[in-house]
Amino acid sequence: AQTVTQSQPEMSVQEAETVTLSCTYDTSESNYYLFWYKQPPSRQMILVIRQEAYKQQNATENRFSVNFQKAAKSFSLKISDSQLGDTAMYFCAFMSEYGNKLVFGAGTILRVKS
Amino acid sequence: GAGVSQSPSNKVTEKGKDVELRCDPISGHTALYWYRQSLGQGLEFLIYFQGNSAPDKSGLPSDRFSAERTGGSVSTLTIQRTQQEDSAVYLCASSLEVSGGAFFEQYFGPGTRLTVT
């Protein structure tokens with residue numbers, strides 16, 4: 001079974017600074033998908049960024065980018081120019097290539113301070 | 001609306017009562033998922049529907065939990081004889097059809113917060 005580990009329960013960052021959230025996972029599969037989801041206090045889960053394991057190039061979405069290290073089974077999220085609206089719980093998630101369900105990490109609470 | 005909707009938003013029930021939670025997926029989405037978010041267990045998968053059938057029920061924690069989907073649209077998650085450990089936020093998500101190797105984004109609803117007293 002796949003597992004996802006987020007070792008940082010809480011983090012804080014100053015507005016406009018850069019922060020990196022860590023995620024490691026365990027799987028025996030060679031191809032799969034990895035995701036970062038954001039959950040603000042409204043509870044609405046929002047997909048921030050995704051990475052296909054067969055792609056070597058790290059995914060980027062505006063201020064959000066990932067550092068995908070397949071051999072190390074590491075998938076960190078970098079948020080540049082942090083904004084107050086980035087304050088939320090962030091979940092790292094895994095999905096098998098032929099799967100249908102997301103396996104989530106425990107989450108990291110990110111607080112952006114002004 | 002255009003998104004996934006869930007009702008009720010909040011539900012408080014007494015231990016031992018049955019509850020029904022509803023999910024309205026995005027129109028045209030054939031795949032529907034239920035997840036549970038609790039303090040002790042984090043975010044965990046419960047069940048997946050493709051159309052009206054549920055090929056993966058592996059996450060349902062006990063036989064007190066059941067779900068159905070009718071008309072390939074609305075889904076209801078039923079918890080019988082609720083226990084305090086059932087207190088959690090129940091999230092529903094939907095996506096376009098799941099096919100081998102192809103990824104379709106799961107869109108989440110706002111969840112139902114269930115409190116069992």
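All values derive from a computational prediction rather than experimental measurement. In what follows, chains are A, B, ... by sequence order, proteins preceding strands, each numbered from 1.
- Taking B:G42, B:S58, B:P110 one by one and counting their heavy-atom pairs under 4.5 Å with chain A, the maximum is reached by B:P110.
- The part of A:F91 that comes within reach of chain B is its side chain, from C-beta onward, which places non-hydrogen atoms under 4.5 angstrom from that chain.
- A:S42 is linked by a side-chain contact (heavy atoms from CB on, under 4.5 Å) to A:P40, A:Q44, counting only residues two or more places apart in sequence or in another chain.
- Using a cutoff of 4.0 Å between basic side-chain nitrogens and carboxylate oxygens, A:E52 and A:R50 are scored as salt-bridged.
- Both the backbone and the side chain of B:S9 have a heavy atom closer than 4.5 Å to some heavy atom of chain A.
- Proximity to chain B at a heavy-atom threshold of 4.5 Å picks out A:K101, A:L102, A:F104 from residues 101-110 of chain A, in numerical order.
- Heavy atoms from other residues, nucleotides or ligands lying under 6.0 Å from NZ of A:K73 number more than 12.
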task = Show your reasoning for whether side-chain contact (heavy atoms from CB on, under 4.5 Å) applies to B:C23 and B:L32.
result = CA-CA 9 Å; B:C23 172; B:L32 185 146; 4.0 Å; yes
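- A side chain to side chain contact (heavy atoms under 4.5 Å, CB included) with B:R36 is found for exactly one of B:L46, B:L77, B:V89, namely B:L46.
- Listed by chain and residue number, A:V13, A:V19, A:I79, A:D86, A:V112 satisfy the side-chain contact (heavy atoms from CB on, under 4.5 Å) test with A:S82 (two or more places apart in sequence, or in another chain).
- For B:Y35, the part sitting under 4.5 Å from any heavy atom of chain A is the side chain, from C-beta outward, and nothing else.
- A:E15 and A:K113 are not joined by a salt bridge, as no carboxylate oxygen comes within less than 4.0 angstrom of a charged side-chain nitrogen.
- Heavy-atom distances place no part of B:E44 under 4.5 Å from chain A, backbone and side chain included.
- Most heavy-atom pairs under 4.5 Å with chain A, from the set B:G59, B:G111, B:A93, B:P55: that is B:G111.
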query = Between B:Q6 and B:L21, is a side-chain contact (heavy atoms from CB on, under 4.5 Å) present by the stated rule, with each step listed?
reply = CA-CA 8 Å; B:Q6 293 186 245; B:L21 312 180; over 6 Å; no
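- Screening residues 75-88 of chain B for side-chain hydrogen bond (donor to acceptor under 3.5 Å, both in side chains), with sequence neighbours left out, gives B:W34-B:S75, B:R64-B:D86.
- Neither the backbone nor the side chain of B:I47 comes within less than 4.5 Å of any heavy atom of chain A.
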